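Right, one structure below, let's go through it.
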Amino acid sequence: MGGFPLPMTFSDMISVRRGECGQMIDFALRLFRAYVIPAAMDYTPGWANRSSGHVWNALVLSDGKSREIGYNPDGHNRYVHKFFKVNRQWFSPKRSNPLYVLRENEEAPDFFAEGRMEEVTKQYGMPISDITVSGLHKGDYKVAWLCTFHNAQWAPVTYASVKGRKAVFTDMARGIHFWEIMNR
């Protein structure tokens, strides 16, 4: 459904019975919430071993964990890609997000500019580590960006506040495949 000429409404998707990934995720999210099922739209801005990112629905479980909802008959998606980070999309900016605080003084990539996200990698129960980058340029920058290479350009996948001349990128996934996490 890529390149559909107009934005699709909820009723359009009921009629057409298909849509782009983001539209399908939004459609399902509205259905879950209509039935008071705690669900979210989670995404990775970039894979560790492939260009582009991905978006999916997730159930928010009572124990604080998240569970991916897939569209295969068994309820899982099939991917052979590896995570860097998992974020959750919010309807409005999170005031605790460093990008929300710094948005007027420092430029952010479009994908992150609104600060309407929360990092939720830890909720998926995957092995994680912190990455410290030292020796950063002395300047007025308050945010450092960690990027991956997407075919012909660098693409940011996460950020960290700069303190002194270093930044600590927390809760970075350690190269586990998406399907290994989702099929535990």
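Quick caveat, the model's predicted, so the values are computed rather than measured. Hydrogens, waters and symmetry mates are skipped; everything else that's a heavy atom, side chains included, is used. Residue numbers run from 1 in the order of the sequence given.
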CD-CG distance between Glu118 and Asp42, expressed to the nearest 0.5 angstrom = 9.5 Å
Here the pair of heavy atoms bringing Trp56 nearest to Glu68 is CD1-CG, 3.6 Å
Does the side chain to side chain contact (heavy atoms under 4.5 Å, CB included) test come out yes or no for Thr132 and Lys166, once each step is laid out?
-> CA-CA 7 Å; Thr132 301; Lys166 75 177 183 178; 4.0 Å; yes
To the nearest 0.5 Å, how far apart are CZ in Phe27 and CD1 in Ile14?
-> 4.5 Å
Identify, with sequence neighbours excluded, every residue that meets ring pair (Phe, Tyr, Trp, His ring centres under 6.0 Å) alongside Phe32.
-> none
Sequence neighbours excluded, every pair satisfying salt bridge (charged side-chain N to carboxylate O under 4.0 Å, His left out) that has a member inside residues 123-137 = none
Side chain of Lys85, backbone of Asp171: donor and acceptor closer than 3.5 Å?
-> yes
Between CD of Gln23 and CD1 of Ile25, what distance do you get to the nearest 0.5 Å?
-> 11.0 Å
Could you pull out the closest heavy-atom pair between Ala167 and Ala160, with the gap in Å?
-> CB-CB, 4.0 Å
Within the distance-only criterion (no hydrogens, no angle test), does the side chain of Glu119 pair as donor or acceptor with the backbone N or O of Thr121 below 3.5 angstrom?
-> yes
For Gln123 and Leu61, what are the C-alpha separation, side-chain angles and deciding distance, and is it a side chain to side chain contact (heavy atoms under 4.5 Å, CB included)?
-> CA-CA 10 Å; Gln123 291 182 18; Leu61 305 175; over 6 Å; no
Other ILVMFWY residues reachable from Leu136 by side-chain steps of under 4.5 Å | Phe84, Ile131, Val133, Leu146, Val157, Val162, Phe169, Met172
Scanning both residues in full, the closest heavy-atom pair of Ile69 with Ala58 reads CD1-C, 4.1 Å
Ser66 side-chain N/O to Val60 backbone N/O, donor-acceptor pair under 3.5 Å | no
Among Leu29, Leu31, Ile37, Val36, which residue meets the side-chain contact (heavy atoms from CB on, under 4.5 Å) test with Arg33?
-> Leu29
Under 3.5 Å, is there a donor-acceptor pair between the side chain of Asn87 and the main chain of Tyr43?
-> no
Is the closest side-chain heavy-atom distance between Ile128 and Lys122 below 4.5 Å?
-> yes
Measure the shortest side-chain to side-chain distance between Val86 and Met126 over non-hydrogen atoms and say whether it is less than 4.5 angstrom.
-> yes
